[in-house]
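Source: prediction; values computed, not measured. In what follows, chains carry the letters A, B, and so on, assigned in the order in which the sequence lines appear, proteins first and then strands, with residues in each chain numbered from 1.
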There are 2 protein chains.
Amino acid sequence: MLTPRTGGTRRSAKREAVLDAAQAVFLEMGYAAASMDSVAARAGVSKATVYAHFDSKDQLFAAVIRRRCDKSEAFVLADRTLDARAALTLIGRRLMDLLLSPEALAMYRVVVSESLRQPELAQAFYDSGPGAGKAQIAAIIAELIRRGELAAVDPRRASDQFVGMLRTDYFMRTLLGLTQPEGSRVDDVIDDAVETMLRAWGTASSPPR
Amino acid sequence: MLTPRTGGTRRSAKREAVLDAAQAVFLEMGYAAASMDSVAARAGVSKATVYAHFDSKDQLFAAVIRRRCDKSEAFVLADRTLDARAALTLIGRRLMDLLLSPEALAMYRVVVSESLRQPELAQAFYDSGPGAGKAQIAAIIAELIRRGELAAVDPRRASDQFVGMLRTDYFMRTLLGLTQPEGSRVDDVIDDAVETMLRAWGTASSPPR
DNA sequence: GAAAAACTAAACCATGCGGTTCAGTTTTTA
DNA sequence: TAAAAACTGAACCGCATGGTTTAGTTTTTC
């Protein structure tokens, strides 16, 4: 019979294959342009199997997005001895690597375009992506302030501004497919953002330049 | 007969109606989900007329985007006597009003999602939108530097960072439909960005705080 | 006022879509 | 090893799509 709907934890290998294929197809084609036939074909699975695991295209899409969101990584700095410049530079590096990855860019494109049609997905994406990142970076900045490495600012505000200075024109051009990520340019963006942060909020123990 | 293809300048009223309707439908539904039938219906026009003016869905979409791009507005400050704080605040206000307008948000969503499929449109959007804005703001910043209101920075870099600090978390949440633009929050974002800019790059004649 | 151009409504076409069904085969399980 | 569950491939459904055509009506143009 069909309809496995295996009791919660079970999840077959086919199911994962369908999710993998669906992720590839949705991120590549966009939600509306993606077809269930192409998902099945890409998964090397019959369409009946796809519908055995997922009730509808919407639900499959939601499952794909939620699975990605659950994999959100942590920025937590292992090394708490870093000074402000080193800490911010490291955060910047990690964030830029993440933001500029082809998969994250594709995810951003499709979630943004479907956000009004699927508000719960937009919320889930925000919470596990930008929202979580902001909170983590704010925590690190708060620690830097506590250690006297940065002047007293609202850490969440500083986090917003720092991330904003990373996600600039260069990010937009990459998002639009107008340029390929290039290491040296990325480093410049990071260094510039760190310098401005330190000029604005640095202390004697974390001088700019 | 059909196929007006009126010689360049002519452009009938029906053509404008089709473009208006197409803009509404594309920005509202996204490219793939929008149908030519709904465009015709919304324009109060027969489908044959739509195809008399535009060869295909792609071309109609392109015409819509290009028309919007051509309407890009200028940020040029009329008043050259403003100090750095006032000038940056005014720029911020205008930029935020533009970025957070429902139409600009919808445009951003659809262009971003179609950027890989329609690279020329992505380029046109960038050039007339973010690219033009960056150039204009950089010119104003250059003027402020010349007048000794700001320290010597690369004006384009400062422009990127300033815009980045405006397009933060708040913009993302609005883009995703998670919040409605609220005046006081917007003002806070602008004031915070201006303050950080002045702390980092202000001079004696443009003190922060 | 008449020819030319723009437009209309509706039927039409082929295609592809999301989703279902079915008869039969493979895999899992105990 | 046999029953139960998962899976296959292909046919199928109804419908909407992008795009065309036709036959006739309105508007523009000079």
Side-chain angles (χ1 to χ4, degrees), chain A residues 1-26 28-65 110 113-114 117-118 121, chain B residues 1-26 28-65 110 113-114 117-118 121:
Chain A
M1 267 296 266
L2 280 181
T3 47
R5 196 70 9 85
T6 40
T9 48
R10 180 70 168 299
R11 68 181 193 171
S12 69
K14 298 277 181 184
R15 187 190 169 90
E16 287 303 304
V18 171
L19 280 170
D20 290 341
Q23 174 171 321
V25 172
F26 281 132
E28 190 171 295
M29 319 270 295
Y31 175 78
S35 82
M36 296 298 270
D37 285 281
S38 66
V39 169
R42 185 136 178 177
V45 140
S46 77
K47 199 160 56 149
T49 297
V50 173
Y51 277 98
H53 287 285
F54 304 95
D55 289 339
S56 67
K57 188 183 182 182
D58 288 274
Q59 287 200 15
L60 176 56
F61 181 65
V64 166
I65 302 300
V110 67
S113 76
E114 292 303 314
R117 257 87 60 189
Q118 318 247 14
L121 289 190
Chain B
M1 267 293 269
L2 281 180
T3 47
R5 197 68 12 82
T6 42
T9 48
R10 180 69 168 299
R11 71 185 191 166
S12 68
K14 298 279 180 183
R15 186 189 171 90
E16 287 303 304
V18 171
L19 281 170
D20 290 341
Q23 172 171 321
V25 172
F26 281 132
E28 190 170 294
M29 319 270 297
Y31 176 79
S35 82
M36 295 297 269
D37 285 282
S38 66
V39 169
R42 185 135 178 177
V45 142
S46 77
K47 198 159 59 148
T49 297
V50 173
Y51 277 98
H53 286 286
F54 304 95
D55 288 339
S56 67
K57 188 183 182 181
D58 288 276
Q59 288 200 15
L60 176 55
F61 181 65
V64 167
I65 302 299
V110 67
S113 76
E114 291 303 314
R117 258 88 60 188
Q118 316 247 17
L121 289 191

Answer with base, sugar-phosphate or nothing: what part of the nucleic acid does B:A17 contact at a heavy-atom distance below 4.0 Å? nothing
Which nucleotide wins on minimum distance to the side chain of A:A48, given the candidates D:dG9, C:dT20, C:dA9? D:dG9
Give a yes/no verdict on a cation-pi contact between A:K57 and A:F26, requiring under 6.0 Å between NZ or CZ and the six-membered ring centre and an angle within 45° of the axis. no
Out of D:dT8, C:dG19, D:dG19, which nucleotide sits closest to the side chain of B:S56? D:dG19
Let me confirm one number: the OG-NZ distance from A:S38 to A:K47, rounded to the nearest 0.5 Å. 10.0 Å
Would you indicate which nucleotide in C:dC7, C:dG18, D:dT17 comes nearest to any side-chain atom of B:D37? D:dT17
Please determine if a side-chain N or O atom of A:K14 lies less than 4.0 Å away from the OP1 or OP2 oxygen of D:dC7. no
Working to the nearest 0.5 Å, report the span between CZ of B:R117 and CG of B:D58. 11.5 Å
Are B:H53 and C:dC7 close enough that a side-chain N or O sits under 4.0 Å from OP1 or OP2? yes
Distance check needed: C:dC12 P versus B:M36 CE, whole Å only. 22 Å
Is any side-chain N or O of B:T49 closer than 4.0 Å to OP1 or OP2 of C:dC7? no
Taking OP1 and OP2 of C:dA10, is either one under 4.0 Å from a side-chain nitrogen or oxygen of B:S46? no
Given D:dT20, D:dT8, C:dG19, identify the nucleotide with an atom nearest to the side chain of A:K57. C:dG19
What is the distance from atom NZ of A:K14 to atom OG of A:S46, rounded to the nearest 0.5 Å? 8.5 Å
For A:M29 and C:dG16, give me the distance from atom CE to atom C1', rounded to whole Å. 12 Å
Please report, rounded to the nearest Å, how far the P atom of D:dA6 is from the CD atom of A:E16. 16 Å
For atom CZ of A:R15 and atom P of C:dT28, their distance in whole Å: 17 Å
For a quick check, tell me whether the side chain of A:K47 and the base of D:dG9 share a donor-acceptor pair closer than 3.5 Å. no
d(B:Q59 CD, B:H53 NE2) to nearest 0.5 Å is 13.5 Å
Need one value for A:A34: base, sugar-phosphate or nothing, where a base atom within 4.0 Å counts as base even if backbone is also close, heavy atoms only. sugar-phosphate
If the cut-off is 4.0 Å, is B:S35 near the phosphate of D:dT17, judged by side-chain N/O to OP1 or OP2? yes
Among C:dG18, D:dG18, C:dC7, which nucleotide sits nearest the side chain of B:Y51? D:dG18
Rounding to a whole Å, what distance do you find between A:F54:CZ and D:dC7:C1'? 15 Å
